[in-house]
Amino acid sequence: MIVRREDGAGGKFMMEFLKRHVISRFGECRLGEISLSDMDDSSDFDGFVFTTDSYVVNPPIFRGGSIGSLAICGTSNDLAVMGAQPYAFSLALIIQEGFEIEKLEKILDDVRFWLSKLNAKLITGDTKVVEANVEIIVNTSGVGIRNEHLAKNLEVVREFRDYPFSWIRDCGLRDGDAIIVSGNIAEHGVAVMIERGFEFDVDVKSDVYPVWLFLKDVLDVGGITAMKDPTRGGLASALNEMSEKSGVGIIIEEERIPIREDVKGFCELLGLDPLSMANEGKVVMGVVSEMADDVLKALHKAGQRDAEIIGYATSEFEEVVMETVVGTRKVVPPPVADPIPRVC
Ligand code: MG
């Protein structure tokens, strides 16, 4: 047997691959509340959260950013969706022999730029130069810390119901929670596609951005019960994971999903499902219904003007279901794999 592309492509196949070959070997790995087998965005120990991510995007510099911006934004986003403040990072570079120094410097400048925006520090790293045809691969680990914004959010959630977790978990959704998306979807995936030579009249750049910069203000309003960043596999993958882990269904309205018309048109033309396309600066969250309007307002105020309440969690069924623009209902299955290789 050999490893297939889909085994690492962020969808249903990857989940199966990980469960069968990786996680099954390590058993119950837990230092705090979250274990390896929970497959949440980060895990915790001694009051910190910890995560790691590797980046293999082709091309490594694209409209809106680079593999360097992805490394800091992507890793910090996996911390931020736990309610943690991104704090300390590692950076490991695997560089192909012959890679241009100017490109490497641009990538490292992006790393520095986003670290300074986050007021976070790069404290350890590693570099290898290889002959393999990889251009550049980056791995970034990150540590996130507890903060007053998370504390406030949990306090507000507990005014409405029991919440047994000390971080925001992707399994925290309950019947009736509103589902909010923080902005227009599919822009990272489409931007990377266009870089690969698709001549279409769509002026879109990657949405790569550290969501902590707006989430901290939204956490101060409070009421968030579950969060994920919809990266590989897009919104469809994030919603299915939240639904399955929380043991509730989700109903969303197609009309309410924020997406630019030209991005939607581009996807339609290529037969791509925008719900499965990668995002790198967005959050999908569950919010106690009483706080949903206030959280939406806080997102708008924090600059996320396209944020929208797209549906709610329900115990009526177990799947993710979408009410289409023509009024029919259809199941949104978890994508088997991201439609684009090397997207992040
Ligand atoms: Mg994530």
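Atoms within a ligand are numbered from 1 in the order they appear, just like the ligands themselves.
- Using modelled atom types, one finds a donor on one side chain and an acceptor on the other under 3.5 Å when comparing Asp177 with Thr225.
- Taking a cut-off of 2.8 Å, the protein N, O or S atoms nearer than that to the Mg ion (ligand 1) are Asp41 OD1, Asp78 OD1, Asp229 OD1.
- The existence of a salt bridge linking Arg174 and Asp162 is excluded, since no basic side-chain nitrogen approaches an acidic carboxylate oxygen closer than 4.0 Å.
- No hydrogens or angles considered: nothing links the side chains of Thr324 and Glu254 as a donor-acceptor pair under 3.5 Å.
- The aromatic rings of Phe48 and Phe45 sit tilted, their planes meeting at an angle between 30° and 60°.
- No donor-acceptor contact under 3.5 angstrom links the side chains of Asn279 and His188, judged on distance only.
- For the pairing with Arg169, the salt bridge (Lys or Arg N to Asp or Glu O under 4.0 Å) check across Asp44, Asp40, Asp41 returns one residue only, Asp40.
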